[in-house]
2 protein chains.
Amino acid sequence: MNTVTAPVPKTSFKAQMLLAREEAIVQTVNRLLAEKGFESMTVDEVAASVGIAKASLYKHFPSKEDLAAAAMVRIMKRTQDFLDSLPAADPPMTKLRAVVRWTMEVQLAGEMPSLPHQNSTLRAALMNNRAYLDRLMEVSNTLGGWIQVAQADGAMSSKLPAIVVLYTLFARACDPVLEFLKVGGLYSDAQIVELVLSTCFDGLAAR
Amino acid sequence: MNTVTAPVPKTSFKAQMLLAREEAIVQTVNRLLAEKGFESMTVDEVAASVGIAKASLYKHFPSKEDLAAAAMVRIMKRTQDFLDSLPAADPPMTKLRAVVRWTMEVQLAGEMPSLPHQNSTLRAALMNNRAYLDRLMEVSNTLGGWIQVAQADGAMSSKLPAIVVLYTLFARACDPVLEFLKVGGLYSDAQIVELVLSTCFDGLAAR
DNA sequence: CCTACCGATCGGTAGG
DNA sequence: CCTACCGATCGGTAGG
């Protein structure tokens, strides 16, 4: 029994330490991407913030792009976890509002990595990253299903193609209006979320 | 007469050459800012694209930030010119839709410099740039007036503070949804503009 | 011997 | 206006 079970916690402990360190790294990268974006974030900064040597960082991730991609995979996982946590019985429109509200709260908390710019090296790296694409597809499929049902039951506008609605929901996760309003200081975070949520779902025109 | 008029075209010619060069520089910077953003745009790239030496660039603009600020001032001027060109008799809501449509067309044409990120050196430079702040204020005041009238006459939702509406309109100028839909290739530029315009003014919820 | 990690420095390139 | 070049800092990796 000892000869069988003894090595297990040994390797498990090592692997656990490794994973804990990687989680700390990715969490730091996530925060820095939210604060300053991919181009302005430096690898030295990441290492210093985690409290390890830069060379140690490269033992875990082979490049700066891979570092950022891991953070993008993490936020996609968190998003999917949130989607899975929503009551299945809720109307699709309620769930869609809930996820947009959640992404805005994440952004206001400084935990939403900003999308890479069009001609970024990160963009190209993400488009070749299977783990990221799989997660993105998973979230898109879940949201896409809800959008179609919401349009079918009349809660959501049927004038708009589902893909346009999907992109619009994604874009709200990095809407600069949230930051502008926060800097303005006139409204609380909760008020900002509800205001932008209203512009998104109800529109600017009077109803 | 000659002694009076002769020197005028001489200095005017020199100044005209200077201004023409500066306009060429700023136009190039504007395009590059739209393509890749401030952090990824290099000064060497601007010089090469304009067709002058990098050192010559610094004869006109003292820093990379000033180069970018000149492009931001230029787009603000273009925006104000467009606002002034709108028929004064048009309802405010019509004019607000027109300006959002115009900014989207500019973005799709690759001529809308993307907003600097939160913790960018450019952001700080712009906040200390009188010319930029004056232009921004001018555009904001014009739009702000129209928003108030549109809310008073019932065309625009009165639930939303005017400042939220103003920021939302500004944010549409750099909405990533346009680029995503363009990359998707399913819709023409004109269709993309009308679709996103609908999400902005009518919202995602059915009416 | 291995792993994990460090101080120091690599080749290139940024803004100026 | 250009060629040449700087202090610094970038992403990434050497040896120990």
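Excluded from the calculations below are hydrogen atoms, water molecules and symmetry mates; all remaining heavy atoms, backbone and side chain alike, are included. Letters go in sequence order (proteins before strands), and every chain restarts at 1.
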How long is the line joining NE2 of A:His60 and C1' of D:dT13, in whole Å? 16 Å
Nearest heavy atoms of B:Pro92 and B:Val149, plus distance in Å: CG-CG1, 3.4 Å
Listing, residues 166-174 of chain A side-chain donor-acceptor contacts under 3.5 Å, not counting sequence neighbours, or none:
residue	atom	partner	partner atom	Å
A:Thr168	OG1	A:Val164	O	2.7
A:Arg172	NE	A:Asp175	OD2	3.3
A:Arg172	NH2	B:Asp175	OD2	3.3

On a whole-Å scale, what distance lies between the P atoms belonging to D:dG12 and C:dA8? 22 Å
Provide the distance between the two C1' atoms, one in C:dA4 and one in D:dG16, to the nearest whole Å. 13 Å
Expressed as a whole number of angstroms, how long is the span from A:Lys59:NZ to C:dT3:C1'? 9 Å
Residues 103-112 of chain B vs side chain to side chain donor-acceptor pair (under 3.5 Å), sequence neighbours excluded, gives B:Arg78-B:Glu111
Quick one: does any side-chain atom of B:Ser198 pair with a main-chain N or O of B:Glu194 as donor and acceptor, under 3.5 Å? no
Would you give me the side-chain donor-acceptor pairs under 3.5 Å for residues 56-64 of chain A, sequence neighbours excluded?
residue	atom	partner	partner atom	Å
A:His60	ND1	A:Glu22	OE2	3.1
A:Ser63	OG	A:Glu65	N	3.4
A:Ser63	OG	A:Asp66	N	3.2
A:Ser63	OG	A:Asp66	OD2	2.6
A:Lys64	NZ	A:Phe38	O	3.0
A:Lys64	NZ	A:Met41	O	2.8

Should B:Tyr58 be listed as having a side-chain N or O under 4.0 Å from OP1 or OP2 of C:dG16? yes
State, yes or no, whether a side-chain contact exists between A:Leu126 and A:Leu136 at a heavy-atom distance under 4.5 Å. no
With the threshold set at 4.0 Å, does a side-chain nitrogen-carboxylate oxygen contact exist between A:Lys182 and A:Glu179? no
Rounded distance (Å) that lies between atom P of C:dG15 and atom CG of B:Leu122: 13 Å
Identify the heavy atoms of B:Gly37 and B:Ser114 that sit nearest to each other, and give their distance. CA-OG, 3.7 Å
For DNA chain D, the dot-bracket notation using Watson-Crick and G-U wobble pairs below 3.5 Å, [ ] for pseudoknot-type crossings and | for other-strand pairs, is ....||...||...|.
Output one line per pair: protein atom, nucleotide atom from nucleotides 8-10 of chain D, and distance, for all N/O pairs under 3.5 Å.
none

C1' atoms of D:dT9 and C:dG11, separation to the nearest Å: 13 Å
Going by the rule side chain to side chain donor-acceptor pair (under 3.5 Å), which residues pair with A:Thr42 if we only count those two or more places apart in sequence or in a different chain? none
Ranking C:dC6, C:dG16, D:dG12 by distance to the side chain of A:Ala53, first place goes to C:dC6
Give a yes/no answer on whether the side chain of A:Ser56 brings an N or O atom under 4.0 Å of OP1 or OP2 in C:dA4. no
